[in-house]
Amino acid sequence: MGMIHFQKRGDFPVLRAKQIERIITVKNIENRLILSCGGITFSPFIKDRFQQDEIDAVLHYLENPSAVDEEAVHVFLERGNVTDTYRPCYVALKCEEIRGRLRVFIHLTIEGKAKAKFNKDGSYRHKYGTGIIGCDIGTQTIAYTSDKECGLKNLAERGNAISKSERKERVLLRRLDRSRREMNPQNFNDDGTVRKRCRKWTFSKNYIDNRKKLSALHRKNSINRHLAIREDVNHMRGLGDVFITEAKNAKKLMLRSKETTVNEKTGRTNRKKRFGKSVRNRCPGYFQSHVKDVFLSSGGKYFEVPYEYRASQYDHTNGEYVQKKLSDRMFSLSDGTIVQRDLYSSFLLYNATADNSTGQLVIDGMNCINSFASFNRMHEEEIERIRLSGRKVLNSGIRV
């Protein structure tokens, strides 16, 4: 049974057919990929070598589809290997409004893994590493430890562009709210809340223009977040081939708190909102799902430790679990060593091993003792690098 998906008001529909013979046909004419729709024929504009390799693979399949399919079936029956045939599955039309103009894009879905990308000098752009990577994924940051390096950085960040764009979004949202209240005073109560069953809203021309600017800003920020996360995932794959992390559910973090609490200092009621804005701006769920896809599709391994692992509470120097507050970002081990909480959690995830009796991942205390000296050296170098860079890592406890 299929699921019902709703679209927002104003979103453009996506036209999709289940075969390449419907709506938009795909053909190989004189070794060129030709797409036709409603009597209009066009060919894709090739920008780089990656697109050329992808199109060449599709053209190779369209030359003799039955022969390629038979060869793929034969290889699977003989060796059990799945062959990337690059068969065109279907084509979709997607409309987007970019800089005030309506643009139509064609999405061609093909069967198989993506082709490798190369640099200008002919070398591979993304190289696969070997080894274990322990990664602690927070709501706004990631901390990772591997054989080569350990790092702590903000999620979905490329330079300072994300923080500046987020501030522009907040400014535009406040401007829209002021304009909406000024033009529709009859729809608001005396305390500022919206009246129930408001049917008629009046928007000014400036409001409409600012709403278009906000929509364009959301589109740019979304693209930047996805690009930043993909760059981080490719970097992780270059450090190792075994990825170990904790199981997270970003949707639960976005929920409001059910309990009503009062601030002891001010006496005011605390807000029930939790991590919704952080999850929206940093996309930890997308990072975790994308890193899983990349590692599994490239021959690596992906593991999630059970809830009983409790990497953020364990102390390997005495083998005990110590309950810590969420605000404690820097803490002292039993031997007096000061460590950053997220980096130390990634170190404990890095030293995971399978329990012989249960088969679940547990912390290897002896391996932690043997590898802590190397980790502590990389840990101090990373903290010093963050301080010298002048770039603030959110909720890290490191003063810049």
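Residue indices begin at 1 and follow the sequence shown. Small disclaimer: the values here were computed from a predicted structure and weren't measured. Side-chain atoms are counted along with the backbone in the values below, which use heavy atoms only and exclude waters and symmetry mates.
Interatomic distance, L349 CG to E304 CD, rounded to the nearest 0.5 Å: 11.0 Å. Taken to the nearest 0.5 Å, the CD atom of Q313 stands 11.0 Å off from the CG atom of L348. The CE atom of M183 sits 10.0 Å away from the CG atom of N206 when rounded to the nearest 0.5 Å. Rounding to the nearest 0.5 angstrom, the gap separating the OG atom in S312 from the CZ atom in R310 is 9.0 Å. The CD atom of E157 lies 11.5 Å from the CG atom of N281; values are rounded to the nearest 0.5 Å. Taken to the nearest 0.5 Å, the CD atom of E149 stands 9.0 Å off from the CD1 atom of I133.
With a 4.5 Å cut-off on side-chain heavy atoms, D177 and S179 do not count as touching. Residues M236 and I142 form a side-chain contact, since some pair of their non-hydrogen atoms from C-beta on lies under 4.5 Å apart. Between I55 and P44 there is a side-chain heavy-atom pair separated by less than 4.5 Å. Within the 4.5 Å cutoff, the side chain of I244 has heavy atoms near those of the I132 side chain. Between H74 and E70, the closest side-chain pair of non-hydrogen atoms is not below 4.5 Å. Proximity of I383 to H379: side-chain heavy atoms (C-beta onward) are separated by under 4.5 Å at one or more points. Side-chain contact check for N28 versus R32: every heavy-atom pair is 4.5 Å or farther apart.
Y128 meets the ring-ring contact (aromatic ring centres under 6.0 Å, His included) test with no other residue; sequence neighbours excluded. For the side-chain hydrogen bond (donor to acceptor under 3.5 Å, both in side chains) test, no residue two or more places apart in sequence or in another chain qualifies with T83. Not a single side-chain hydrogen bond (donor to acceptor under 3.5 Å, both in side chains) links D328 to another residue, sequence neighbours left out. Partners of R280 according to the salt bridge (charged side-chain N to carboxylate O under 4.0 Å, His left out) rule, which considers only residues two or more places apart in sequence or in another chain, are E169. Residues satisfying the side-chain hydrogen bond (donor to acceptor under 3.5 Å, both in side chains) criterion with N119, sequence neighbours excluded, are S123. F42 pairs by the ring-ring contact (aromatic ring centres under 6.0 Å, His included) definition with nothing, not counting sequence neighbours. When the ring-ring contact (aromatic ring centres under 6.0 Å, His included) test is applied to Y309, no partner is found at least two apart in sequence or on another chain. Residues satisfying the ring-ring contact (aromatic ring centres under 6.0 Å, His included) test with H226, not counting sequence neighbours, are Y286.
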Candidate pair R329 and D342, rule salt bridge (charged side-chain N to carboxylate O under 4.0 Å, His left out), full reasoning: CA-CA 8 Å; R329 312 314 301 174; D342 299 329; 2.9 Å; yes
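Ion pairing of D209 with K212 is absent here, as no side-chain N (NZ or NE/NH1/NH2) approaches a carboxylate O to less than 4.0 Å. Salt-bridge check for K94 with E96: passed, with a basic side-chain N closer than 4.0 Å to an acidic carboxylate O. Remark: E97 does not engage R103 in a salt bridge, criterion side-chain N to carboxylate O under 4.0 Å.
Not one N or O on the side chain of T109 forms a donor-acceptor pair closer than 3.5 Å with the backbone of C89. Proximity of a side-chain donor or acceptor of K153 to a complementary backbone N or O of A143 within less than 3.5 Å is not detected. Between the S297 side chain and the V294 main chain, a donor and an acceptor come within less than 3.5 Å of each other. Judged by distance alone, with hydrogens and angles left aside, the side-chain atoms of S204 form a donor-acceptor pair with the main-chain N or O of Y207 at under 3.5 Å. Checked by atom type and distance alone, the side chain of R237 pairs as donor or acceptor with a backbone atom of G129 at under 3.5 Å. When atom types are taken as modelled, the side chain of S215 and the backbone of R211 share no donor-acceptor pair closer than 3.5 angstrom. Here the side chain of E320 pairs no donor or acceptor atom with the backbone of Y314 at under 3.5 angstrom. Looking only at distances, no side-chain donor or acceptor of N184 sits under 3.5 Å from a matching main-chain atom of N187. Under a 3.5 Å cut-off, the side chain of E182 and the backbone N or O of R178 do not form any donor-acceptor pair. At distances below 3.5 Å, not a single donor-acceptor pair connects side-chain atoms of N154 with backbone N or O atoms of V393.
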Scan the side chains in residues 350-367 for donor-acceptor partners under 3.5 Å anywhere in the protein, sequence neighbours excluded, and list what turns up.
unit_1	atom_1	unit_2	atom_2	d
Y350	OH	D147	OD1	2.2
N351	OD1	N367	ND2	3.1
N351	OD1	S371	OG	3.1
N351	ND2	F347	O	2.8
D355	OD1	S357	N	3.4
D355	OD1	S357	OG	3.4
D355	OD2	S357	OG	3.1
D355	OD2	T358	OG1	3.3
T358	OG1	Q360	N	3.4
D364	OD1	M366	N	3.4
D364	OD1	N367	N	3.4

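Hydrophobic clustering, defined by side-chain heavy atoms of Ile, Leu, Val, Met, Phe, Trp and Tyr closer than 4.5 Å, groups F118 together with Y124. Hydrophobic cluster of Y90: no remaining members, since no ILVMFWY side chain lies below 4.5 Å from it. Annotation for I223: hydrophobic cluster partners, listed by chain and number, are L227 (ILVMFWY side-chain heavy atoms under 4.5 Å, direct or chained).
Judged purely by distance below 3.5 Å, without hydrogens or angles, the side chains of T130 and D241 never pair a donor atom with an acceptor atom. Residues E54 and Y86 have side chains that never bring a donor and an acceptor to within less than 3.5 angstrom of each other. With hydrogens and angles left out, the side-chain atoms of N270 and T261 include a donor and acceptor closer than 3.5 Å. Judged by distance alone, the side chains of D48 and Q52 never bring a donor and an acceptor atom under 3.5 Å apart. T41 and S36 share no donor-acceptor pair across their side chains, judged by distance under 3.5 Å alone. Between the side chains of T139 and R282, no donor-acceptor pair is found at a separation under 3.5 Å.
Within a 6.0 Å sphere centred on CG of D191, heavy atoms belonging to other residues, nucleotides or ligands number more than 12. By the 6.0 Å contact criterion, CZ on R125 is enclosed, its count of non-hydrogen atoms from other residues, nucleotides or ligands being greater than 12.
Taking the six-membered ring for Trp and thresholds of 30 and 60 degrees, Y344 and F372 have ring planes more than 60 degrees apart, a perpendicular arrangement.
Cation-pi geometry between K301 and F295 is not satisfied (NZ or CZ under 6.0 Å from the ring centre, within 45° of the ring normal).
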